[in-house]
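In this text the structure is predicted, and so the values were computed from the model without any measurement.
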Amino acid sequence: MTQLATQLAQAVAKNAAGAVFSKITAMRARKLDQDVMNELVELVNDLIADKNELIAIAQGFEQELVAQQISDGDLTYITTKLMPLVEQFAVLADDEKSAEMVDIVKGLVTKETMTILQLVGFNFRRAIGEPLTTMLERTLLSKVPDRGLAELQLRRETAYFEALADPDAREVLRQFGGSE
């Protein structure tokens with residue numbers, strides 16, 4: 001893919017804008033009909049705009065490709081540092097699905113496997129990074145109390161304190177083992 005992006009950039013660069021403008025200047029020097037000349041200038045400007053659009057697309061394509069590739073240094077770092085963290089998160093999650101995911105990731109996260117898969121176009125960020133992000137998010141959210149539950153607890157405590165303010169209700173609470 002990188003080679004294709006390079007070839008695209010080279011093909012786009014072949015007919016540089018400078019060469020086109022010098023041809024237009026030469027044509028004007030020969031005093032061609034002004035209407036024909038204006039149409040040719042408009043056509044050339046359209047071609048230059050198309051070329052610039054192709055360059056932008058090629059650069060975007062190349063940036064996307066580079067963003068998907070993982071460098072050798074990153075591969076080493078991931079294989080030595082990521083797996084212990086993933087295992088810790090799986091222990092924190094304490095569910096069977098997370099343990100299965102860790103086993104799958106362990107098989108994929110070796111430098112050799114990652115290099116081979118990357119060469120055939122595998123996108124690790126999407127295939128592994130996004131599911132790990134989701135797993136961590138679920139784990140963290142499962143540890144945070146539900147907002148609805150907190151609201152119910154607040155209502156219960158408010159009602160309890162309101163009941164303590166009423167002498168009849170306070171007596172009922174005392175009979176059922178509540179305290180003031």
Side-chain angles (χ1 to χ4, degrees), residues 1-25 40-154:
M1 278 200 187
T2 304
Q3 184 180 8
L4 289 174
T6 304
Q7 288 175 344
L8 178 60
Q10 288 172 347
V12 169
K14 277 184 186 176
N15 296 321
V20 171
F21 286 118
S22 15
K23 287 180 185 179
I24 291 173
T25 304
L40 287 174
V41 168
E42 184 178 335
L43 177 63
V44 168
N45 287 335
D46 289 343
L47 289 172
I48 290 172
D50 289 347
K51 177 182 173 183
N52 289 336
E53 184 179 355
L54 285 173
I55 289 171
I57 291 169
Q59 288 172 341
F61 174 67
E62 188 174 22
Q63 288 173 352
E64 185 67 28
L65 180 64
V66 168
Q68 290 178 7
Q69 291 180 334
I70 301 173
S71 70
D72 284 340
D74 290 343
L75 287 174
T76 301
Y77 186 81
I78 289 169
T79 56
T80 59
K81 303 291 182 182
L82 175 68
M83 287 316 302
L85 290 174
V86 170
E87 290 170 347
Q88 288 176 359
F89 288 131
V91 169
L92 180 66
D94 194 32
D95 68 356
E96 194 171 311
K97 225 176 193 179
S98 295
E100 289 174 14
M101 180 181 247
V102 169
D103 289 340
I104 291 169
V105 171
K106 274 185 181 180
L108 290 174
V109 182
T110 67
K111 188 170 181 176
E112 182 178 335
T113 303
M114 290 178 76
T115 302
I116 291 169
L117 290 174
Q118 187 168 273
L119 289 173
V120 296
F122 190 80
N123 185 337
F124 282 97
R125 286 178 173 86
R126 187 169 25 150
I128 295 174
E130 290 175 14
L132 283 176
T133 301
T134 302
M135 181 183 82
L136 177 60
E137 177 186 30
R138 286 182 186 154
T139 301
L140 292 175
L141 289 176
S142 72
K143 304 300 180 192
V144 174
D146 184 20
R147 182 178 178 173
L149 179 61
E151 187 176 325
L152 288 174
Q153 288 172 335
L154 179 63

Got a second to check how far [X]'s [atom1] is from [Y]'s [atom2], nearest 0.5 Å?
X: L75; Y: T113; atom1: CG; atom2: OG1; value: 10.5 Å
X: N123; Y: L117; atom1: CG; atom2: CG; value: 11.5 Å
X: N52; Y: L47; atom1: CG; atom2: CG; value: 11.0 Å
X: D50; Y: I55; atom1: CG; atom2: CD1; value: 11.0 Å
X: M114; Y: D74; atom1: CE; atom2: CG; value: 9.0 Å

* So, do K51 and L54 sit near enough that their side-chain heavy atoms are less than 4.5 Å apart? ->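 Counting from C-beta outward, K51 and L54 never come under 4.5 Å.
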
Review point. Of all heavy-atom pairs between T76 and K111, which one has the smallest distance, and what is that distance?
Key: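 Minimum heavy-atom separation between T76 and K111: OG1-NZ, 3.0 Å.
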
